[in-house]
Amino acid sequence: MSQYLFLFTIGPVQSFIGQARKTQDLYTGSFFLSHLINSTMNELENRVNNCEFIFPHKDIKSKPNRFIAEIEYDDIEKLGKELKSFVENTFEEISTSIFEELNLNSSEPNGFNSQIKDFFQVNWVALPLKKDNYDVTYKELESYLGSIKNVRAFKQLNNGRGEIGRKCSLCGERNVLFYRGRKRAYTTDSAVSLNRQSLKYMSDGEGLCAVCFTKRFADKYQNFKVEYEKDYPSTAKIALMDLRDSVSKLDSDLLARYEKLFGKNFDEELYYEENLTPSYFEENNYSSEKLEEAKAKLKEIYKIAQEKGSTFSKYYAILVLDGDSMGKWLSGEFLKNKKELKDFHKKLSKKLGNYAESVSEIIKKPKGKLVYAGGDDVLAFINLSQLLPVMKRLREEFPKFEGFGFEIKGNNKSSPSVGIAIAHYKTPLSEALKWAREMEHEAKENGGRDAFAIAVLKRSGGISKTMFKWQYSDSSSIEVLKHLIKSLKPEEDSELADFSNKFIKNLGMEFRRLMDEEGKYKEGDIIKTEMKRLVGRSCLMTRGEGETKEDFKKKKKQAIADLTEKLDRLYTNSKSLDNFLSSLEIADFIKRGGQLK
(Lines give C-alpha, C1' and ligand atoms only; values in the text may rest on other atoms or scores of the structure.)
Protein backbone atom coordinates (compact mmCIF):
# COMPACT_ATOMS: atom_id res chain seq x y z
CA MET A 1 0.00 0.00 0.00
CA SER A 2 1.09 3.57 -0.73
CA GLN A 3 1.51 6.16 1.99
CA TYR A 4 -0.09 9.59 1.53
CA LEU A 5 -0.43 12.91 3.25
CA PHE A 6 -4.16 13.63 2.97
CA LEU A 7 -5.82 17.06 3.36
CA PHE A 8 -9.60 17.34 3.46
CA THR A 9 -11.73 20.51 3.77
CA ILE A 10 -15.41 21.42 3.92
CA GLY A 11 -16.70 24.89 3.04
CA PRO A 12 -18.01 27.52 2.90
CA VAL A 13 -17.15 28.45 6.48
CA GLN A 14 -17.77 32.15 7.10
CA SER A 15 -21.03 32.38 5.17
CA PHE A 16 -22.47 29.13 6.54
CA ILE A 17 -21.77 30.15 10.14
CA GLY A 18 -22.22 33.91 9.79
CA GLN A 19 -25.57 33.88 7.94
CA ALA A 20 -27.58 34.07 11.13
CA ARG A 21 -30.53 36.00 12.52
CA LYS A 22 -30.55 34.15 15.84
CA THR A 23 -27.72 33.01 18.10
CA GLN A 24 -29.06 29.48 17.53
CA ASP A 25 -28.36 29.88 13.79
CA LEU A 26 -24.77 30.90 14.49
CA TYR A 27 -24.17 28.01 16.85
CA THR A 28 -25.84 25.51 14.51
CA GLY A 29 -23.71 26.51 11.53
CA SER A 30 -20.57 25.90 13.58
CA PHE A 31 -21.96 22.67 14.98
CA PHE A 32 -22.77 21.27 11.52
CA LEU A 33 -19.27 21.89 10.16
CA SER A 34 -17.69 20.33 13.24
CA HIS A 35 -20.07 17.37 13.10
CA LEU A 36 -19.41 16.72 9.40
CA ILE A 37 -15.63 16.92 9.80
CA ASN A 38 -15.70 14.66 12.86
CA SER A 39 -17.95 12.14 11.07
CA THR A 40 -15.63 12.17 8.04
CA MET A 41 -12.59 11.58 10.25
CA ASN A 42 -14.34 8.57 11.80
CA GLU A 43 -15.31 7.31 8.35
CA LEU A 44 -11.71 7.63 7.14
CA GLU A 45 -10.46 5.62 10.13
CA ASN A 46 -12.96 2.87 9.32
CA ARG A 47 -11.93 2.72 5.64
CA VAL A 48 -8.14 2.54 5.95
CA ASN A 49 -5.84 0.28 7.92
CA ASN A 50 -3.29 2.89 8.98
CA CYS A 51 -4.47 6.42 9.72
CA GLU A 52 -2.72 9.01 11.85
CA PHE A 53 -4.42 12.38 12.25
CA ILE A 54 -1.91 15.21 12.40
CA PHE A 55 -4.24 18.17 12.66
CA PRO A 56 -6.59 18.87 14.44
CA HIS A 57 -6.27 16.80 17.59
CA LYS A 58 -8.91 14.07 17.57
CA ASP A 59 -10.21 15.10 21.01
CA ILE A 60 -11.10 18.71 20.11
CA LYS A 61 -14.86 19.01 20.53
CA SER A 62 -15.43 21.88 18.08
CA LYS A 63 -13.34 20.81 15.12
CA PRO A 64 -12.30 23.21 12.36
CA ASN A 65 -13.46 22.67 8.79
CA ARG A 66 -10.39 20.64 7.76
CA PHE A 67 -8.07 17.86 8.78
CA ILE A 68 -4.66 16.48 7.76
CA ALA A 69 -3.84 12.82 8.11
CA GLU A 70 -1.13 10.33 7.20
CA ILE A 71 -2.78 7.29 5.62
CA GLU A 72 -1.98 4.11 3.71
CA TYR A 73 -4.28 3.29 0.79
CA ASP A 74 -4.07 1.98 -2.75
CA ASP A 75 -6.78 3.83 -4.66
CA ILE A 76 -6.50 7.32 -3.17
CA GLU A 77 -8.67 8.96 -5.85
CA LYS A 78 -11.52 6.58 -5.10
CA LEU A 79 -11.14 7.26 -1.38
CA GLY A 80 -11.27 11.03 -1.84
CA LYS A 81 -14.40 10.86 -3.97
CA GLU A 82 -16.10 8.49 -1.54
CA LEU A 83 -15.41 10.80 1.40
CA LYS A 84 -16.77 13.73 -0.59
CA SER A 85 -19.95 11.75 -1.28
CA PHE A 86 -20.09 10.76 2.40
CA VAL A 87 -20.28 14.44 3.46
CA GLU A 88 -22.97 15.22 0.89
CA ASN A 89 -25.01 12.14 1.74
CA THR A 90 -24.72 12.77 5.49
CA PHE A 91 -26.06 16.31 5.15
CA GLU A 92 -28.82 15.09 2.83
CA GLU A 93 -29.80 12.36 5.32
CA ILE A 94 -29.99 14.92 8.15
CA SER A 95 -32.12 17.30 6.07
CA THR A 96 -34.52 14.58 4.92
CA SER A 97 -34.87 13.20 8.44
CA ILE A 98 -35.74 16.64 9.80
CA PHE A 99 -38.37 17.14 7.10
CA GLU A 100 -39.94 13.76 7.87
CA GLU A 101 -39.81 14.38 11.64
CA LEU A 102 -42.00 17.48 11.26
CA ASN A 103 -44.90 15.45 9.78
CA LEU A 104 -45.84 18.23 7.39
CA ASN A 105 -48.21 16.07 5.31
CA SER A 106 -46.42 17.28 2.22
CA SER A 107 -43.71 16.07 -0.11
CA GLU A 108 -40.36 17.84 -0.21
CA PRO A 109 -40.70 21.06 -2.22
CA ASN A 110 -39.18 21.30 -5.68
CA GLY A 111 -35.49 22.14 -5.47
CA PHE A 112 -35.04 20.78 -1.94
CA ASN A 113 -32.56 18.04 -2.88
CA SER A 114 -30.60 20.20 -5.31
CA GLN A 115 -30.15 22.98 -2.73
CA ILE A 116 -28.87 20.43 -0.22
CA LYS A 117 -26.61 18.48 -2.59
CA ASP A 118 -25.06 21.54 -4.23
CA PHE A 119 -24.33 23.49 -1.05
CA PHE A 120 -21.10 22.24 0.53
CA GLN A 121 -17.78 22.75 -1.23
CA VAL A 122 -15.73 19.67 -0.42
CA ASN A 123 -12.07 19.66 -1.48
CA TRP A 124 -9.31 17.16 -0.88
CA VAL A 125 -5.68 16.74 -1.87
CA ALA A 126 -3.45 13.70 -1.39
CA LEU A 127 0.28 13.46 -2.17
CA PRO A 128 2.64 10.48 -1.85
CA LEU A 129 4.63 10.71 1.35
CA LYS A 130 8.19 9.45 1.41
CA LYS A 131 10.55 9.18 4.33
CA ASP A 132 11.90 12.51 5.59
CA ASN A 133 9.97 14.66 3.09
CA TYR A 134 6.99 15.58 5.26
CA ASP A 135 7.81 19.31 5.19
CA VAL A 136 8.09 19.44 1.38
CA THR A 137 4.93 17.39 0.91
CA TYR A 138 2.96 19.56 3.30
CA LYS A 139 3.99 22.73 1.47
CA GLU A 140 2.92 21.22 -1.88
CA LEU A 141 -0.33 20.02 -0.33
CA GLU A 142 -1.34 23.52 0.79
CA SER A 143 -0.29 24.95 -2.58
CA TYR A 144 -2.48 22.49 -4.50
CA LEU A 145 -5.44 23.19 -2.21
CA GLY A 146 -5.07 26.93 -2.83
CA SER A 147 -5.10 26.30 -6.59
CA ILE A 148 -8.25 24.20 -6.33
CA LYS A 149 -10.08 26.91 -4.37
CA ASN A 150 -9.08 29.54 -6.92
CA VAL A 151 -10.74 27.51 -9.69
CA ARG A 152 -14.09 26.83 -8.08
CA ALA A 153 -16.40 24.54 -10.03
CA PHE A 154 -20.10 25.37 -10.13
CA LYS A 155 -23.28 23.79 -11.40
CA GLN A 156 -25.81 25.74 -13.43
CA LEU A 157 -29.44 25.68 -12.33
CA ASN A 158 -32.54 25.83 -14.50
CA ASN A 159 -30.63 25.76 -17.78
CA GLY A 160 -28.41 28.62 -16.76
CA ARG A 161 -31.19 30.93 -15.58
CA GLY A 162 -30.39 30.41 -11.89
CA GLU A 163 -33.00 30.38 -9.15
CA ILE A 164 -35.73 32.94 -9.81
CA GLY A 165 -37.95 33.90 -6.89
CA ARG A 166 -38.05 35.22 -3.35
CA LYS A 167 -34.78 34.59 -1.53
CA CYS A 168 -34.22 33.02 1.87
CA SER A 169 -34.52 35.36 4.88
CA LEU A 170 -31.37 33.89 6.41
CA CYS A 171 -28.83 33.52 3.59
CA GLY A 172 -30.41 35.74 0.93
CA GLU A 173 -29.02 33.43 -1.76
CA ARG A 174 -31.38 30.52 -2.43
CA ASN A 175 -35.11 30.36 -3.15
CA VAL A 176 -37.60 30.15 -0.30
CA LEU A 177 -38.94 26.59 0.05
CA PHE A 178 -40.47 27.01 3.53
CA TYR A 179 -42.41 29.96 4.90
CA ARG A 180 -44.41 31.15 7.90
CA GLY A 181 -47.28 33.59 7.57
CA ARG A 182 -48.93 34.34 4.26
CA LYS A 183 -47.47 32.84 1.11
CA ARG A 184 -45.81 35.81 -0.51
CA ALA A 185 -45.35 36.55 -4.19
CA TYR A 186 -42.34 34.94 -5.88
CA THR A 187 -42.28 32.08 -3.39
CA THR A 188 -41.82 28.72 -5.12
CA ASP A 189 -45.22 27.15 -5.96
CA SER A 190 -44.42 24.02 -3.96
CA ALA A 191 -43.14 25.95 -0.91
CA VAL A 192 -44.29 24.39 2.36
CA SER A 193 -46.10 26.30 5.11
CA LEU A 194 -44.65 26.05 8.62
CA ASN A 195 -47.41 28.05 10.30
CA ARG A 196 -48.06 25.25 12.77
CA GLN A 197 -44.49 25.19 14.02
CA SER A 198 -43.46 27.07 17.17
CA LEU A 199 -42.42 30.71 16.89
CA LYS A 200 -39.16 29.52 18.42
CA TYR A 201 -38.15 28.34 14.94
CA MET A 202 -39.61 30.93 12.58
CA SER A 203 -41.17 34.36 12.83
CA ASP A 204 -44.14 35.43 10.73
CA GLY A 205 -42.96 36.56 7.33
CA GLU A 206 -39.76 34.52 7.37
CA GLY A 207 -38.89 32.25 4.46
CA LEU A 208 -36.15 29.62 4.42
CA CYS A 209 -34.27 27.65 1.79
CA ALA A 210 -33.55 23.95 2.31
CA VAL A 211 -30.10 24.58 3.81
CA CYS A 212 -31.27 27.22 6.30
CA PHE A 213 -34.37 25.15 7.10
CA THR A 214 -32.02 22.33 8.11
CA LYS A 215 -30.01 24.69 10.32
CA ARG A 216 -33.08 26.22 11.96
CA PHE A 217 -34.73 22.85 12.76
CA ALA A 218 -31.54 20.96 13.61
CA ASP A 219 -32.86 19.91 17.03
CA LYS A 220 -35.42 17.71 15.26
CA TYR A 221 -32.67 15.37 14.07
CA GLN A 222 -32.83 12.49 16.53
CA ASN A 223 -29.30 11.16 15.94
CA PHE A 224 -27.69 14.29 17.37
CA LYS A 225 -28.92 13.16 20.81
CA VAL A 226 -27.10 15.10 23.55
CA GLU A 227 -24.40 16.52 21.24
CA TYR A 228 -26.55 19.35 19.95
CA GLU A 229 -27.55 22.19 22.26
CA LYS A 230 -31.23 22.84 21.60
CA ASP A 231 -31.68 26.03 23.60
CA TYR A 232 -28.71 28.25 22.84
CA PRO A 233 -29.07 31.54 24.78
CA SER A 234 -30.32 34.63 22.96
CA THR A 235 -28.42 37.92 22.83
CA ALA A 236 -30.76 39.27 25.53
CA LYS A 237 -29.94 36.33 27.77
CA ILE A 238 -26.20 36.88 27.25
CA ALA A 239 -26.60 40.57 28.13
CA LEU A 240 -28.43 39.67 31.34
CA MET A 241 -26.32 36.74 32.52
CA ASP A 242 -24.64 38.62 35.38
CA LEU A 243 -27.92 40.24 36.43
CA ARG A 244 -29.77 36.92 36.53
CA ASP A 245 -26.97 35.51 38.64
CA SER A 246 -26.99 38.35 41.20
CA VAL A 247 -30.80 38.51 41.49
CA SER A 248 -31.07 34.74 41.82
CA LYS A 249 -28.65 34.80 44.76
CA LEU A 250 -30.90 37.27 46.53
CA ASP A 251 -34.21 35.63 45.65
CA SER A 252 -33.84 32.39 43.70
CA ASP A 253 -37.59 32.04 43.20
CA LEU A 254 -38.29 35.56 41.95
CA LEU A 255 -37.13 35.05 38.36
CA ALA A 256 -38.78 31.63 38.15
CA ARG A 257 -42.17 33.12 39.15
CA TYR A 258 -41.83 35.84 36.53
CA GLU A 259 -40.82 33.46 33.73
CA LYS A 260 -43.65 31.06 34.64
CA LEU A 261 -46.14 33.74 33.57
CA PHE A 262 -45.13 33.21 29.94
CA GLY A 263 -44.85 29.43 29.83
CA LYS A 264 -42.35 27.49 27.73
CA ASN A 265 -41.99 30.28 25.14
CA PHE A 266 -40.39 32.73 27.56
CA ASP A 267 -37.81 35.04 26.00
CA GLU A 268 -35.28 37.11 28.00
CA GLU A 269 -36.38 40.19 26.06
CA LEU A 270 -39.30 40.21 28.50
CA TYR A 271 -36.89 41.43 31.19
CA TYR A 272 -36.81 44.77 29.38
CA GLU A 273 -39.72 47.05 30.22
CA GLU A 274 -39.81 48.35 26.66
CA ASN A 275 -41.13 44.97 25.50
CA LEU A 276 -44.05 44.77 27.92
CA THR A 277 -46.51 46.22 25.41
CA PRO A 278 -49.77 44.98 23.85
CA SER A 279 -48.17 44.85 20.38
CA TYR A 280 -45.17 42.78 21.58
CA PHE A 281 -47.50 40.35 23.40
CA GLU A 282 -49.73 39.98 20.35
CA GLU A 283 -46.78 39.47 17.98
CA ASN A 284 -45.31 36.74 20.18
CA ASN A 285 -48.59 35.04 21.15
CA TYR A 286 -48.50 35.99 24.85
CA SER A 287 -51.76 36.43 26.73
CA SER A 288 -52.65 40.13 27.02
CA GLU A 289 -54.38 39.33 30.30
CA LYS A 290 -50.96 38.81 31.93
CA LEU A 291 -49.50 42.13 30.81
CA GLU A 292 -50.26 44.13 33.97
CA GLU A 293 -49.16 41.29 36.25
CA ALA A 294 -45.91 41.03 34.29
CA LYS A 295 -45.27 44.77 34.71
CA ALA A 296 -45.77 44.51 38.47
CA LYS A 297 -43.45 41.54 38.87
CA LEU A 298 -40.79 43.15 36.68
CA LYS A 299 -40.83 46.27 38.87
CA GLU A 300 -40.17 44.02 41.85
CA ILE A 301 -37.20 42.47 40.05
CA TYR A 302 -35.90 45.93 39.12
CA LYS A 303 -36.07 47.00 42.74
CA ILE A 304 -34.03 44.02 43.96
CA ALA A 305 -31.50 44.45 41.17
CA GLN A 306 -31.08 48.10 42.14
CA GLU A 307 -30.43 47.06 45.75
CA LYS A 308 -27.65 44.80 44.46
CA GLY A 309 -26.20 47.61 42.35
CA SER A 310 -26.99 45.70 39.14
CA THR A 311 -28.16 47.20 35.86
CA PHE A 312 -30.33 45.75 33.13
CA SER A 313 -27.68 45.97 30.44
CA LYS A 314 -28.96 45.80 26.89
CA TYR A 315 -25.49 45.19 25.48
CA TYR A 316 -23.33 42.10 25.05
CA ALA A 317 -20.05 41.33 23.27
CA ILE A 318 -19.09 39.02 20.42
CA LEU A 319 -15.47 37.88 20.66
CA VAL A 320 -13.42 36.53 17.75
CA LEU A 321 -9.93 35.18 18.51
CA ASP A 322 -7.48 33.96 15.89
CA GLY A 323 -3.87 32.83 16.16
CA ASP A 324 -1.34 35.12 14.49
CA SER A 325 0.81 33.97 11.55
CA MET A 326 -0.67 30.46 11.74
CA GLY A 327 0.15 29.83 8.08
CA LYS A 328 3.85 30.48 8.77
CA TRP A 329 3.87 28.37 11.93
CA LEU A 330 2.16 25.48 10.14
CA SER A 331 4.45 25.70 7.11
CA GLY A 332 7.51 25.48 9.35
CA GLU A 333 8.78 28.88 8.25
CA PHE A 334 9.76 29.72 11.82
CA LEU A 335 11.50 26.38 12.45
CA LYS A 336 15.29 26.25 12.13
CA ASN A 337 15.06 22.57 11.20
CA LYS A 338 12.09 22.00 8.87
CA LYS A 339 12.62 18.24 9.03
CA GLU A 340 11.03 18.50 12.49
CA LEU A 341 7.79 19.83 11.00
CA LYS A 342 5.76 16.66 11.55
CA ASP A 343 6.75 16.45 15.21
CA PHE A 344 6.02 20.16 15.56
CA HIS A 345 2.57 19.68 13.98
CA LYS A 346 1.75 16.85 16.38
CA LYS A 347 2.84 18.92 19.38
CA LEU A 348 0.95 21.94 18.08
CA SER A 349 -2.19 19.88 17.52
CA LYS A 350 -2.10 18.55 21.08
CA LYS A 351 -1.46 21.94 22.70
CA LEU A 352 -4.19 23.65 20.68
CA GLY A 353 -6.51 20.83 21.73
CA ASN A 354 -5.66 21.55 25.36
CA TYR A 355 -6.27 25.25 24.73
CA ALA A 356 -9.71 24.51 23.27
CA GLU A 357 -10.57 22.63 26.46
CA SER A 358 -9.39 25.49 28.66
CA VAL A 359 -11.42 27.98 26.59
CA SER A 360 -14.58 25.96 27.21
CA GLU A 361 -13.85 26.24 30.94
CA ILE A 362 -13.09 29.97 30.79
CA ILE A 363 -16.25 30.93 28.90
CA LYS A 364 -19.07 29.59 31.03
CA LYS A 365 -22.20 31.12 32.55
CA PRO A 366 -22.36 33.85 33.81
CA LYS A 367 -19.30 34.95 31.81
CA GLY A 368 -20.73 34.10 28.42
CA LYS A 369 -21.41 31.32 25.96
CA LEU A 370 -18.98 29.62 23.62
CA VAL A 371 -19.91 29.11 19.97
CA TYR A 372 -16.77 27.19 19.08
CA ALA A 373 -13.15 26.74 20.10
CA GLY A 374 -11.36 25.00 17.28
CA GLY A 375 -7.81 25.33 18.59
CA ASP A 376 -6.29 28.57 17.37
CA ASP A 377 -9.67 30.19 16.67
CA VAL A 378 -12.50 31.04 19.05
CA LEU A 379 -15.96 32.56 18.63
CA ALA A 380 -18.01 33.41 21.71
CA PHE A 381 -20.67 35.63 23.22
CA ILE A 382 -19.48 37.41 26.37
CA ASN A 383 -21.43 39.19 29.09
CA LEU A 384 -20.30 42.82 29.10
CA SER A 385 -19.28 42.88 32.77
CA GLN A 386 -17.02 39.86 32.20
CA LEU A 387 -15.42 40.99 28.94
CA LEU A 388 -11.99 42.21 30.09
CA PRO A 389 -11.32 39.33 32.55
CA VAL A 390 -12.25 36.80 29.84
CA MET A 391 -10.01 38.52 27.27
CA LYS A 392 -7.12 38.51 29.73
CA ARG A 393 -7.43 34.79 30.46
CA LEU A 394 -7.76 33.84 26.80
CA ARG A 395 -4.51 35.66 26.06
CA GLU A 396 -2.70 34.19 29.07
CA GLU A 397 -3.76 30.61 28.27
CA PHE A 398 -2.83 30.75 24.58
CA PRO A 399 -0.05 28.18 24.02
CA LYS A 400 3.54 29.33 23.51
CA PHE A 401 4.65 27.58 20.30
CA GLU A 402 8.23 28.73 20.87
CA GLY A 403 8.27 26.70 24.07
CA PHE A 404 7.55 23.30 22.46
CA GLY A 405 11.23 22.28 22.49
CA PHE A 406 12.05 23.18 18.87
CA GLU A 407 14.61 25.76 17.74
CA ILE A 408 12.76 28.84 16.47
CA LYS A 409 14.22 31.41 14.10
CA GLY A 410 14.78 34.92 15.39
CA ASN A 411 12.52 36.14 18.15
CA ASN A 412 9.28 34.70 16.77
CA LYS A 413 6.64 34.02 19.40
CA SER A 414 3.07 32.78 19.14
CA SER A 415 0.21 35.14 19.89
CA PRO A 416 -3.51 35.60 19.24
CA SER A 417 -5.35 38.69 18.04
CA VAL A 418 -8.87 39.40 19.23
CA GLY A 419 -11.73 41.38 17.74
CA ILE A 420 -14.66 42.51 19.87
CA ALA A 421 -18.02 43.97 18.88
CA ILE A 422 -20.19 45.30 21.70
CA ALA A 423 -23.75 45.45 20.43
CA HIS A 424 -27.32 46.10 21.58
CA TYR A 425 -29.38 42.94 21.91
CA LYS A 426 -31.64 44.11 19.05
CA THR A 427 -28.77 44.89 16.66
CA PRO A 428 -28.90 42.44 13.72
CA LEU A 429 -26.63 39.55 14.66
CA SER A 430 -24.99 39.45 11.25
CA GLU A 431 -23.98 43.11 11.66
CA ALA A 432 -22.45 42.53 15.09
CA LEU A 433 -20.54 39.48 13.83
CA LYS A 434 -19.28 41.42 10.82
CA TRP A 435 -17.86 44.12 13.10
CA ALA A 436 -16.23 41.57 15.42
CA ARG A 437 -14.43 40.03 12.44
CA GLU A 438 -13.45 43.48 11.15
CA MET A 439 -11.97 44.32 14.54
CA GLU A 440 -10.00 41.05 14.59
CA HIS A 441 -8.65 41.89 11.13
CA GLU A 442 -7.79 45.43 12.27
CA ALA A 443 -5.93 44.06 15.30
CA LYS A 444 -3.78 41.96 12.97
CA GLU A 445 -3.25 44.45 10.17
CA ASN A 446 -3.15 47.84 11.91
CA GLY A 447 -2.23 46.61 15.37
CA GLY A 448 0.67 44.54 14.11
CA ARG A 449 -0.72 41.28 15.60
CA ASP A 450 -0.69 40.28 19.27
CA ALA A 451 -3.36 42.93 19.75
CA PHE A 452 -7.04 43.45 20.43
CA ALA A 453 -9.55 45.87 18.92
CA ILE A 454 -12.97 46.78 20.30
CA ALA A 455 -15.91 48.41 18.55
CA VAL A 456 -19.05 49.63 20.34
CA LEU A 457 -22.14 49.66 18.11
CA LYS A 458 -24.46 52.05 19.91
CA ARG A 459 -28.19 51.77 19.45
CA SER A 460 -28.21 55.43 18.40
CA GLY A 461 -26.04 54.52 15.42
CA GLY A 462 -22.70 55.85 16.67
CA ILE A 463 -19.62 53.62 16.60
CA SER A 464 -16.56 53.93 18.84
CA LYS A 465 -13.36 51.95 18.18
CA THR A 466 -10.10 51.40 20.02
CA MET A 467 -7.10 49.12 19.56
CA PHE A 468 -4.05 48.21 21.67
CA LYS A 469 -1.32 45.64 21.94
CA TRP A 470 -1.92 43.20 24.75
CA GLN A 471 1.38 44.18 26.35
CA TYR A 472 3.70 47.18 26.18
CA SER A 473 6.98 46.43 27.96
CA ASP A 474 5.81 45.61 31.50
CA SER A 475 2.39 47.23 31.06
CA SER A 476 -0.78 45.21 30.39
CA SER A 477 -3.39 47.20 28.44
CA ILE A 478 -6.18 45.03 29.82
CA GLU A 479 -5.03 45.63 33.41
CA VAL A 480 -4.99 49.39 32.84
CA LEU A 481 -8.54 49.31 31.45
CA LYS A 482 -9.68 47.10 34.33
CA HIS A 483 -8.16 49.57 36.82
CA LEU A 484 -10.03 52.43 35.14
CA ILE A 485 -13.36 50.58 35.19
CA LYS A 486 -12.99 49.63 38.86
CA SER A 487 -12.02 53.20 39.71
CA LEU A 488 -15.20 54.45 38.07
CA LYS A 489 -17.24 51.81 39.84
CA PRO A 490 -15.90 51.00 43.31
CA GLU A 491 -16.56 47.51 44.63
CA GLU A 492 -16.98 46.32 48.20
CA ASP A 493 -13.65 46.08 50.03
CA SER A 494 -11.92 47.77 47.08
CA GLU A 495 -9.03 50.12 47.75
CA LEU A 496 -9.57 51.86 44.44
CA ALA A 497 -10.81 55.43 44.56
CA ASP A 498 -14.26 56.56 43.58
CA PHE A 499 -14.07 58.75 40.46
CA SER A 500 -16.83 60.21 38.37
CA ASN A 501 -16.64 59.90 34.57
CA LYS A 502 -16.57 63.66 34.13
CA PHE A 503 -12.83 63.67 33.41
CA ILE A 504 -13.44 61.40 30.42
CA LYS A 505 -16.14 63.66 29.02
CA ASN A 506 -14.12 66.82 29.64
CA LEU A 507 -10.95 65.41 28.04
CA GLY A 508 -12.96 64.54 24.95
CA MET A 509 -14.60 67.94 24.72
CA GLU A 510 -11.32 69.79 25.17
CA PHE A 511 -9.02 67.84 22.86
CA ARG A 512 -11.10 66.19 20.11
CA ARG A 513 -11.44 69.51 18.29
CA LEU A 514 -7.64 69.95 18.39
CA MET A 515 -6.80 66.64 16.68
CA ASP A 516 -5.59 66.45 13.09
CA GLU A 517 -7.23 64.30 10.39
CA GLU A 518 -5.45 61.21 11.68
CA GLY A 519 -6.78 61.70 15.21
CA LYS A 520 -3.39 62.83 16.56
CA TYR A 521 -2.28 65.77 18.69
CA LYS A 522 1.37 66.75 18.99
CA GLU A 523 1.34 68.48 22.38
CA GLY A 524 1.39 65.34 24.53
CA ASP A 525 2.67 67.07 27.69
CA ILE A 526 -0.32 69.40 27.73
CA ILE A 527 -2.68 66.43 27.58
CA LYS A 528 -0.92 64.71 30.48
CA THR A 529 -1.01 67.84 32.62
CA GLU A 530 -4.67 68.45 31.92
CA MET A 531 -5.49 64.80 32.49
CA LYS A 532 -4.00 64.94 35.99
CA ARG A 533 -5.99 68.08 36.79
CA LEU A 534 -9.29 66.64 35.55
CA VAL A 535 -8.77 63.31 37.32
CA GLY A 536 -8.18 65.17 40.58
CA ARG A 537 -11.35 67.22 40.14
CA SER A 538 -13.41 64.06 39.43
CA CYS A 539 -12.34 62.27 42.62
CA LEU A 540 -15.36 61.67 44.86
CA MET A 541 -13.62 60.02 47.81
CA THR A 542 -14.91 60.85 51.25
CA ARG A 543 -13.17 60.57 54.58
CA GLY A 544 -13.88 57.36 56.43
CA GLU A 545 -15.06 57.14 60.03
CA GLY A 546 -12.10 57.41 62.37
CA GLU A 547 -9.74 58.37 59.54
CA THR A 548 -7.51 61.36 60.22
CA LYS A 549 -7.51 64.30 57.86
CA GLU A 550 -3.86 63.71 57.04
CA ASP A 551 -4.34 60.00 56.29
CA PHE A 552 -7.31 60.75 54.07
CA LYS A 553 -5.35 63.40 52.19
CA LYS A 554 -2.51 60.94 51.53
CA LYS A 555 -4.90 58.21 50.41
CA LYS A 556 -6.73 60.54 48.04
CA LYS A 557 -3.47 61.87 46.61
CA GLN A 558 -2.20 58.32 46.06
CA ALA A 559 -5.43 57.23 44.37
CA ILE A 560 -5.28 60.19 41.97
CA ALA A 561 -1.60 59.49 41.25
CA ASP A 562 -2.25 55.80 40.59
CA LEU A 563 -5.09 56.43 38.14
CA THR A 564 -3.20 59.25 36.41
CA GLU A 565 -0.13 57.04 36.03
CA LYS A 566 -2.24 54.25 34.48
CA LEU A 567 -3.94 56.66 32.06
CA ASP A 568 -0.60 58.22 31.17
CA ARG A 569 0.71 54.76 30.32
CA LEU A 570 -2.37 54.04 28.19
CA TYR A 571 -1.98 57.34 26.33
CA THR A 572 1.76 56.79 25.74
CA ASN A 573 1.07 53.38 24.20
CA SER A 574 -1.88 54.53 22.09
CA LYS A 575 -1.42 55.00 18.36
CA SER A 576 -3.32 58.30 18.50
CA LEU A 577 -5.15 60.66 20.82
CA ASP A 578 -8.43 59.63 19.18
CA ASN A 579 -7.69 55.98 19.96
CA PHE A 580 -6.88 56.87 23.58
CA LEU A 581 -10.01 58.96 24.12
CA SER A 582 -12.13 56.23 22.54
CA SER A 583 -10.62 53.67 24.93
CA LEU A 584 -11.68 55.81 27.91
CA GLU A 585 -15.20 56.20 26.52
CA ILE A 586 -15.49 52.48 25.85
CA ALA A 587 -14.27 51.68 29.38
CA ASP A 588 -16.93 54.02 30.75
CA PHE A 589 -19.53 52.40 28.49
CA ILE A 590 -18.61 48.96 29.80
CA LYS A 591 -18.71 50.22 33.40
CA ARG A 592 -22.26 51.49 32.87
CA GLY A 593 -23.34 48.31 31.13
CA GLY A 594 -24.30 50.39 28.13
CA GLN A 595 -26.74 52.46 30.20
CA LEU A 596 -26.85 56.10 29.18
CA LYS A 597 -26.55 58.77 31.85
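On a predicted model such as this, the values are computed, not experimentally measured, just so you know. Below, each value reflects all heavy atoms present in this structure, side chains not excepted, and no hydrogens, waters or symmetry copies.
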Under the side-chain contact (heavy atoms from CB on, under 4.5 Å) criterion, do V320 and M439 qualify, and how do the steps go? CA-CA 9 Å; V320 176; M439 289 299 96; over 6 Å; no
Hits for salt bridge (Lys or Arg N to Asp or Glu O under 4.0 Å) against K61, two or more places apart or cross-chain, chain-then-number order -> none
Listed by chain and number, what are the salt bridge (Lys or Arg N to Asp or Glu O under 4.0 Å) partners of E229, not counting sequence neighbours? K369
Can you tell me how the ring of F8 sits relative to the ring of F67, calling it parallel under 30°, perpendicular over 60° and tilted otherwise? parallel
Could you tell me how the ring of F344 sits relative to the ring of W329: parallel (under 30°), tilted (30 to 60°) or perpendicular (over 60°)?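 Because their plane-to-plane angle is under 30°, the rings of F344 and W329 count as parallel.
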Kindly say whether K413 contributes a backbone atom to a donor-acceptor pair with the side chain of E402 at under 3.5 angstrom? no
Is a side-chain N or O of K364 found less than 3.5 angstrom from the main chain of L370, in a donor-acceptor match? no
If the condition is side-chain contact (heavy atoms from CB on, under 4.5 Å), which residues does K81 pass it with, not counting sequence neighbours?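 With sequence neighbours excluded, K81 shows a side-chain contact (heavy atoms from CB on, under 4.5 Å) to E77, given in chain and number order.
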Check side-chain contact (heavy atoms from CB on, under 4.5 Å) between T23 and all other residues, then give those that pass, not counting sequence neighbours. Y232, T235, F381, L429
Lys/Arg cation over aromatic F16: K215, 6.0 Å, 45° cone: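 Pair K215/F16 counts as cation-pi.
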Sole residue of F178, Y201, F119 in ring-ring contact (aromatic ring centres under 6.0 Å, His included) with F213: F178
Under the rule for side-chain hydrogen bond (donor to acceptor under 3.5 Å, both in side chains), what residues qualify as partners of S417, not counting sequence neighbours?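 So S417 forms a side-chain hydrogen bond (donor to acceptor under 3.5 Å, both in side chains) with D324.
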Quick one: list whatever passes ring-ring contact (aromatic ring centres under 6.0 Å, His included) with Y179, sequence neighbours left out. none
